[in-house]
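Beneath this line is the structure, given in structure tokens, with notes to follow.
Proteins get letters first, then strands, A, B, ... in listed order; numbering begins at 1 in each.
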Amino acid sequence: VRFLLRLYPRRWRERYGDEVEALLDETPEEPLRTVDLARGAVDAHRRQGVGHILAAAAVLLASDVAIGWLNYHASDDVQLVALALIVAAFGFAAWRPRWAWLFVLLLWFAVPLSSIVGYANNYHPGLVKPAPLYETLVALIPTALGALFGAGARRMARLG
Amino acid sequence: MKQREGIAGLGRFMEPAVLVMVSLAEGPKHGYAITSDLAAQVGIKLGPGTLYGAIARLEERGLIESLPAEDRRRPYRLTADGVAALRTHLAQLERVTRAGSRALAGR
């Protein structure tokens, strides 16, 4: 059940993580203990406040909409879309390393959705549209680098 | 930041918090000792999530405080505010118990 501790907020884990692990070592494993730990994680997040979650969700949504909008208006020159992907992917992943995977996942919706809207409106500013898979792959590299950078910076700040 | 709201501010999380405080009224204890003590004396087994949820809330309110860690275990003890808040709460519970017992005696 130790993996459930990963669900707790970072600050909570730094404060109580070792103690809870020691407690888990000393008590027998039971299904109810797993449920209790999972419920505790939800409680710990709620107590910490939902402001940080809402802020991350808002930034994620805004960058997703911006990239979708750029893709919608992109002509054959897709450098602006690629630049937005790189900047947004790296920046968001560095800011919220644990949410980085969600950024990439949302791209699967943003890019095809903007293309669908383009087809529905018969709006085709360019002849060639970048494929959704290609864009997501482009975003994977800066996302991974950003997450590594963000996680490393946090680790150094904690140790320092 | 610590919010000194006392036990009443704990709302529906009051019960496990009071149990932890009752256990700590005997003296400083770490998490395992609190759960073992409560299971043996009150017959209530607090899960790790519930236990540390209660400990975190009580610490935030300044009702308990941690002592230096012993290996991975960290003992906790009641603060002066915690002792006063527990006394008030138990006295209130006693009044409720007496009133309830009186009401039931007439049935």
Options A:E30, A:R33, A:E26, A:R39, ranked by heavy-atom pairs under 4.5 Å with chain B, top entry =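 Of the candidates given, the most pairs with chain B belong to A:E26.
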Name the option with the most non-hydrogen atom pairs under 4.5 Å to chain B; the candidates are A:L37, A:D43, A:D18.
-> A:D43
Measure distances from A:L4 to the heavy atoms of chain B and classify the residue's part below 4.5 Å as side chain, backbone, both or neither.
->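 No part of it gets close to chain B.
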Donor-acceptor pair, side chain of B:K29 and main chain of B:S23, under 3.5 angstrom = yes
Heavy-atom distances under 4.5 Å only: say whether B:T35 touches chain A with side chain, backbone, both or neither.
-> side chain
Given that the side chain runs from C-beta out, which part of B:I55 has a heavy atom under 4.5 Å from chain A: side chain, backbone, both or neither?
->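 Its backbone and side chain both get close to chain A.
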Locate the shortest heavy-atom distance separating B:G62 from B:T79; write the atom from each residue and the value.
-> O-OG1, 2.7 Å
Linking I/L/V/M/F/W/Y whenever any side-chain heavy atoms sit under 4.5 Å apart, do A:L70 and A:V87 land together?
-> no
Check whether the ring centres of A:F149 and A:F90 lie less than 6.0 Å apart, and answer yes or no.
-> yes
Flag the pair B:E94 and B:R98 as a salt bridge only when some basic side-chain nitrogen lies within less than 4.0 angstrom of an acidic carboxylate oxygen.
->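 Result for this pair is yes, salt bridge flagged.
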